[in-house]
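One structure is given below, encoded as structure tokens.
Remember, it's 1-based here, ligands and their atoms both numbered in the order they're listed.
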Amino acid sequence: MTKFESQIILDILDKYQTISSLGSLVSLADWDLNTYLPPKGAEDRGFILSKVNILLKKLILDGDLVSLIEKAEKSEQLNDYERAVIRILNREINMIKKIPDDFLEEWNRTVNQAQMVWREAKENDDFNTFLPYLEKIINLTRKRADLLGYDNHPYDALIDIFEEGWNTADFDSFFFRIKNSLLEFLEKIKSSKFFVEKHPLENEKYRQADMEKLNYFVLELLGFDPSRSRLDIAPHPFENAISYNDVRITTWYHQQDFRKSLTATIHEFGHALYELQVDPDLKFTPLQGGVSYAFHESQSRFWENIVGRNKVFLERVYDEARKIFPFMKKYSFESFFGYLNMIRPELIRVESDEITYHFHIILRFELEKALIEGKLKASQLPDIWRAKMKEYLGIEPQADSDGVLQDIHWSMGAIGYFPTYSLGSFLSGLWWSKIERDIGNFDDILKSNDGLKFIRDWLKDNIHQYGKTYLSKDLILKVYGQNFSSYPFLDYLKLKYFDTIGN
Ligand code: MG
């Protein structure tokens, strides 16, 4: 079936190919910036990217394109794909129009400086040098919310940037519902085998070449296609979809504690697979790519946790790890499985397990909301951070670099982003539960020869192929048959951590 039939849409898509191509080159420059660029090139690259982004903005606001879109809007003959083209372009045009050039300039200048200051502040554990920048970012963010507009709460406008169609009230009720369940889980798990103070494998040192071997083994197992993708090294792992047949991922190597590299690799594979399985008809159109931040994270977390930490899957990884790492001879499968599935409150969000992770997000959500409401001053953050960590996880950072300074997001002005991380995990629970209903028991699927292919195909047929055609709430309904619910993910956790205790 051809996705696009209406002539006016074809005219729009023809114009859009230039925008999409320039966007690809921006992605390539950005990938390079985060991988192999010599350090002194970063400032020039920032300048180049800001100039190209202005050009991109002009192309989107191009008079011919805008009038084609206005004309197409009046046509009633459009299919889902064609309507989505109009919806996405209108959203982009409206967002650009709402933000005046002088505001955008001030915003970019501030976040560029703030990121550099944040990096040093984090290294020196010196919150006070970052504070004036953070205060400025919060003020600008409140202005940004006013410019973008919102119905009930200024934070709505910020959430909508990352998760279109979701608002503060949605996340208030989501976090309210999961908080008590997760606290209960955590309390219960403290007396189980999953609650580990320190695992000996965390101390085992590895050679990078060995870890690379294991990463490639696992990627091949998962269905990584080296003709359309590649794996590189970066200080912070990420995925970058440059074009339809060029979707890159990165990982990291710490020379010790190999699960960090393994889980990051699988996580980024999940992001990449989403992009690689979009319908090729959507290539170079506004529909190419993932629906939203949470949807993307639902893919990475699905592969990282639901597949990547699954017992049946890990049996295959264990056999290979024993061939590769000399130290693995000392460890039983049970011990290896426990290493990848330990529950332990951590100070650092990105090092947290499937359960305690969400308290890091709840904490950030509560703080962001209070900052935007003006109920909390940035200067109060270090203290309130400690208090909330103590309340939720029973631990508190001695240094702000392990507390309020740990994440890059606020220095980038990405306020309203964190909630999508938790939502992504909980969405991955919906996919798990629907796969069990559609195909059968998840472990049995993984035991079968084509199990991983079944799963990849299910994700492609139900989610990936559509690209950005549907809004996240609509696609949830289409895939899952009901509105979003937090229960499937909680069920998944219950089954994994409680119903199997003693097994
Ligand atoms: Mg991710």
Side-chain angles (χ1 to χ4, degrees), residues 27 30-31 33-35 159 161-164 166 171 215 218-219 222-224 229-242 247-254 259-278 288-309 340 346 348-362 364-365 406-432 455-456 459 463-464 467-468 472 475 489 492:
S27 294
D30 191 56
W31 172 83
L33 172 71
N34 291 302
T35 49
I159 289 176
I161 296 170
F162 304 100
E163 205 59 31
E164 187 181 2
W166 289 72
F171 280 105
N215 278 335
V218 169
L219 284 176
L222 294 173
F224 179 79
S229 195
R230 51 180 287 145
L231 174 70
D232 292 276
I233 303 171
H236 295 279
F238 63 90
E239 170 263 359
N240 192 330
I242 291 161
V247 180
R248 305 180 185 193
I249 58 174
T250 56
T251 192
W252 52 11
Y253 296 97
H254 303 85
R259 70 185 180 135
K260 286 186 190 171
S261 179
L262 179 67
T263 54
T265 305
I266 301 177
H267 180 98
E268 301 309 333
F269 164 83
H271 280 302
L273 187 71
Y274 193 175
E275 301 281 338
L276 289 163
Q277 296 209 114
V278 169
Q288 189 182 338
V291 171
S292 65
Y293 282 75
F295 254 76
H296 238 297
E297 197 65 9
S298 81
Q299 299 307 306
S300 53
R301 296 216 143 229
F302 177 87
W303 287 97
E304 176 193 349
N305 294 325
I306 297 181
V307 177
R309 296 181 205 264
L340 277 140
E346 299 279 355
I348 307 296
R349 175 182 61 86
V350 297
E351 292 177 5
S352 300
D353 58 75
E354 291 181 282
I355 292 177
T356 58
Y357 182 85
H358 301 288
F359 293 105
H360 290 267
I361 302 301
I362 291 170
R364 286 156 180 75
F365 170 75
Q406 68 181 271
D407 295 305
I408 195 173
H409 302 59
W410 291 346
S411 73
M412 294 166 69
I415 295 175
Y417 184 141
F418 284 118
T420 69
Y421 286 135
S422 278
L423 181 58
S425 292
F426 278 73
L427 281 175
S428 73
L430 293 194
W431 317 148
W432 166 80
I455 292 170
R456 284 198 305 274
L459 291 170
I463 299 168
H464 299 169
K468 296 179 199 280
S472 77
L475 190 55
F489 186 71
Y492 154 78

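A distance-only check finds no donor-acceptor pair linking the side chain of His271 to the backbone of Ile249 [under 3.5 Å].
Looking at Tyr274, Phe302, Trp303 one by one, the single match for ring-ring contact (aromatic ring centres under 6.0 Å, His included) with Phe269 turns out to be Trp303.
Take the Mg ion (ligand 1) and draw a sphere of radius 2.8 Å; the protein N/O/S atoms inside it number 3.
The ring-ring contact (aromatic ring centres under 6.0 Å, His included) check on Phe359 picks up Tyr392, with sequence neighbours excluded. Annotation: ring-ring contact (aromatic ring centres under 6.0 Å, His included) contacts of Phe295 (sequence neighbours excluded): Trp431. Listed by chain and number, the residues in a ring-ring contact (aromatic ring centres under 6.0 Å, His included) with His254 are Trp252 (sequence neighbours excluded).
Once rounded to the nearest 0.5 Å, the distance linking CD of Glu163 with CG of Leu423 reads 5.5 Å.
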